[in-house]
Amino acid sequence: MLKSENNSLLNISSILAQAGCSVDPSTGGIVQPIHLATTFERDVDGAYSRGYMYGRQGSPNRTELSNILAQIEGGKRCFMYSSGMSAASAILLTLKPGSSVLLPHDVYYGVTKLINETPGISVNPIYADFRRHADVADALSQKVAMVWIETPSNPLNQITDIRKISAMASEAGATTVVDSTWTTPLLQRPFDLGADIVFHSVTKYLSGHSDVLGGAVICKESNRQSDLLDTAAKNSGNVLDPFSCWLTMRGLRTLPLRMQRHCDNAEAIAEFLLHRKKVEIVHYPGLKDDPGFTVASQQMDRFGAMISFRIVGGADEAIAFVGKTKLHKRATSLGATESLIEHRASSEGPDSKTPQNLIRISVGIEDAGDLIKDLDQAFI
Ligand SMILES: *Cc1c(COP(=O)(O)O)cnc(C)c1O
């Protein structure tokens, strides 16, 4: 239950069903207009009593979207960036050059590329297996400024115990960031488990229709670090445009329904894959034998809708399988209504550490029976 604008307690679904639906006072329109204005009128005395001055500093669609994301995530402040990775770079830029950041081995490959290849991002990455708490403790015995959690991880669906790792980070004086892109605020609540910052690629489930590129950073507290994130966005112009904010708001209205269907479908497909002879292993934390099942059951409401599996063989067999699907679209990315399938290693490029026989599916909201039929015919 969350506090609504008028302070009554509402379920998150009720808040989201009416996201962006505040009545426009000048027309009575029940959906917020898209405010494309880049500049705003001053009062006769030179003040800005309506709160807006210039589009880079702030604009109405961005304010509304930030407010609702902060509210549903349970944080104090939210900032919107022009992509997930630009949000990630804003987070890393709040650190002093040379600071150490502890990351899991199976972190989203874009984060590794951001740290290794981007001029001006000068943090020192340290990697550990976050499922081995002794290894994390070892790594934290060096001076670490930030611990970057991603759970479930991309693409191996490894589960990190957020409560445990963020407690260890806090004891070591490090800030905990959780990349919650795969779970949304509906399936996992990192702030309740001890995280300081939650990160989302808005490109995925939050907007939900493969037509927005965006990122969000939500801070549990209003503090110096959140001020730096705000400043980074405004001074660099690394902000989400009004139309993308509006489309994301529209997507949010159906997020609870979509997530329910995504998860129902994924559970059915993971079970189906588990029993195929040509499947070596299925990585999905909702399967009872998955190594992440116990922790996932404790910290997730449901297990999400990303599945990866390894096919018997290598890259050739995996690419051939993906080439035979018809209903699943062959494309990277995730979190939209349509199901996407990919040979993950070749999407990540020549430096990829992902197994060559791994296929990743973003399970959409089509009929589960139709999706299973499509995969079934691809095995033949
Ligand atoms: C897609 C993704 C990102 C990057 O977000 P972009 O919007 O593509 O820049 C980061 N983390 C995870 C887990 C993702 O899936």
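One-based numbering, in listed order, for ligands and for the atoms of each. We number each residue from 1, following the sequence as shown.
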Asker: Between K76 and E221, is the salt bridge (charged side-chain N to carboxylate O under 4.0 Å, His left out) condition met? List the steps.
Answerer: CA-CA 5 Å; K76 289 263 182 355; E221 302 298 343; 3.5 Å; yes
Asker: Walk me through whether Y54 and F40 qualify under ring-ring contact (aromatic ring centres under 6.0 Å, His included).
Answerer: CA-CA 6 Å; Y54 183 62; F40 299 85; 8.7 Å; no
Asker: At a heavy-atom distance under 4.0 Å, which protein residues reach ligand 1? Sort them by chain and number, would you?
Answerer: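 Lining ligand 1: S83, G84, M85, Y108, E150, N154, D179, T181, W182, F199, S201, T203, K204, G214, L334.
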Asker: For W148, which residues count as a ring pair (Phe, Tyr, Trp, His ring centres under 6.0 Å) partner, sequence neighbours excluded?
Answerer: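 Result, ring pair (Phe, Tyr, Trp, His ring centres under 6.0 Å) vs W148: F199.
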Asker: Centre-to-centre under 6.0 Å for F303 and F293, is that the case here?
Answerer: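 Yes.
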Asker: With a 3.5 Å cut-off and sequence neighbours excluded, list the donor-acceptor pairs that the side chains of residues 126-140 form with protein atoms.
Answerer:
from : atom 1 : to   : atom 2 : distance (Å)
D129 : OD1    : R131 : N      : 2.9
D129 : OD1    : R131 : NE     : 3.1
D129 : OD2    : R131 : NH2    : 3.1
R132 : NE     : D135 : OD2    : 3.1

Asker: Side-chain donor-acceptor contacts of residues 330-337 below 3.5 Å, not counting sequence neighbours, with atom names and distances?
Answerer:
from : atom 1 : to   : atom 2 : distance (Å)
T332 : OG1    : E342 : OE1    : 3.0
T332 : OG1    : E342 : OE2    : 3.3
T332 : OG1    : R344 : NH1    : 3.3

